[in-house]
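Since the structure comes first, as structure tokens, the remarks are kept for the end.
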Amino acid sequence: MTTVNLLKYSFSFCLYFLIQVFILKDLVLFGYSFCFLYVFFLLSLPHEVPTISLLLIGFFLGLFIDMFYDSFGIHAASTVFLAFLRNSWIKAIIPTGGYDDNVPPTLLNMGLAWYILYCLPLILIHHLIFFYIDSLGTDLYLPLVIRVFSSMAFTFLLGAIVQAIFYKKERVV
Amino acid sequence: MQQIFLFLYRLRAFILFLILELLALGIIFTHNSPQGAVYFNSSNKFTGRLLSSKNNFVSYFTLYSTNKALAEKNASLLNRLDRMTPVADSAYFALDSTLSNNYNFWSARVINNSINLSQNFITLDKGKVDGVVEGMGVFNEQGIIGRVKGTSNHFSSVISLLHTDLLISSKIKATEVFGSIKWDGINSSEAKLLYVPRHVMVEPGQEIVTSGYNAVFPEGIPVGKVKEVSYGNETNYLDITISLGADFSKLNFVYLVKNDLREEMDSLEIEMVNPNQ
């Protein structure tokens, strides 16, 4: 990874983090639909990034978010899980022709169909773990299911919009 | 031997994953125990500073409703003060001097709050330096809010009433029947009143106040009103839903209360339960 890229990703790490804890934390639609936009930071890292680095980045990102959400490790646990699965999932859904080097897996680079297939299952697992651990004190399943799916839709929608607006197309066709 | 190291090296990502995941789960479960550490919450210095400057900015938007609530509280306090001030020219004896100065009050500002999870916490901008200690009760003019869980020098973190593990001893004001308030994790404006026996007559609209039994809150702080009463699945108790007085989505200024006699009360109760110790 070049220095420019490193700076770029550090900057976007801070931006995702600040937006998550200062704006999106207070934005919960209908009391059920949360937006955990910060997972898109992990999802848009280049696919050459090894799983070890992803795990460490995910753990600390989750832990920082936890401090502000007062959720004590729940974000960290679910984000580490997502980080662990990400590279294997990228390998599993390899498109015909494979991936180009130095092309990060973003919406405009990979196309909508592939992007949905890439993001939705990972976001679903992340949210499922998060809300499951959060709901351990209760015995309610319906609110859990509503929360997981409505939050998944909200997170993905906002993430896709951010991708479409702020990420450049880098693939050489 | 080399084979083993090679094997471990190939599994390094998975091993790191296990370590980090266990670490995260460890943080989750140590925190949920009553003696849990409070390092990773929003009452530490770094997070507290940031949240408090954010709140400085955001609180301007709720100034009107905050002022209105404070003015109402002032008016009700003035009313009570008027009633309790002794007449100047008569001999005055403070008969219940054993109980006076029992409770001390502070005010604080909410700088972080959540209502939509199942385990919600609140952060306040007062900490150890201001005299906040673990176990103090938190309420506002509308009703009770929660209990202090941990403190740092300048901030403290509070278990919200909207936390499925918090029980608050309360009673129905009209009939003096007591029970425990517990949030069921569904709606941020409703909670359950537990352990009220079936033979008790409870009617919607009756006021619920704190009972003063657990020595965290003084007696008579409002909690909410009975909304619905039904015979639930429990064989011995009524299923009572109450609507909470406090609007948790708009918390701004709150009061902290500390019972100076709490330790004495607790140690006496422990002695009675375990006479040998």
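Naming convention: chains lettered A, B, ... in sequence-line order (proteins, then strands); numbering from 1 in each chain. Quick note: numbers below take in every heavy atom, side chains included, and nothing from hydrogens, waters or symmetry partners.
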Part of [X] within contact of chain B (heavy atom distance under 4.5 Å):
| X | value |
| --- | --- |
| A:Phe64 | neither |
| A:Phe22 | both |
| A:Phe130 | side chain |
| A:Leu56 | both |

Discussion item. If you count heavy-atom pairs within less than 4.5 Å of chain B, which of A:Thr51, A:Asn87, A:Ile74 leads?
Written reply: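 Ranked by heavy-atom pairs under 4.5 Å with chain B, first place is A:Ile74.
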
Fill in: B:Asn120 versus chain A, the contacting section by heavy-atom distance below 4.5 Å
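Answer is neither: B:Asn120 stays 4.5 Å or more from chain A.
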
Do other residues, nucleotides or ligands put more than 12 heavy atoms under 6.0 Å from the [atom1] atom of [X]?
| X | atom1 | value |
| --- | --- | --- |
| A:Tyr132 | OH | no |
| B:Glu228 | CD | no |
| B:Phe178 | CZ | no |
| B:Lys192 | NZ | yes |

Worksheet item: Considering only heavy atoms from C-beta outward, does the side chain of A:Val28 approach that of B:Ile115 to under 4.5 Å?
Response: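 The answer is no, as the side chains (C-beta and beyond) never meet within the 4.5 Å cut-off.
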
Worksheet entry | Closest heavy-atom pair and its distance - B:Gln119, A:Ile133 | OE1-O, 4.4 Å

Worksheet item: What heavy-atom pair brings B:Arg12 and A:Ile52 nearest, and what distance separates the two atoms?
Response: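 Closest pair (atom of B:Arg12, atom of A:Ile52, distance): CG-CD1, 3.6 Å.
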
For the atom pair [atom1] ([X]) and [atom2] ([Y]), what is the distance rounded to the nearest 0.5 Å?
| X | Y | atom1 | atom2 | result |
| --- | --- | --- | --- | --- |
| B:Leu117 | A:Asp134 | CG | CG | 4.5 Å |
| A:Leu85 | B:Phe17 | CG | CZ | 6.5 Å |
| A:Phe60 | B:Leu20 | CZ | CG | 7.5 Å |
| A:Leu55 | B:Ile19 | CG | CD1 | 10.0 Å |
| B:Asn116 | A:Arg147 | CG | CZ | 6.5 Å |

Discussion item. Ring centres under 6.0 Å, that's the criterion: do A:Phe84 and B:Phe14 meet it?
Written reply: yes

Discussion item. Heavy-atom pairs under 4.5 Å with chain A - which of B:Ala13, B:Ser114, B:Ser188 has more of them than the others?
Written reply: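 Among B:Ala13, B:Ser114, B:Ser188, the one with the most close pairs to chain A is B:Ala13.
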
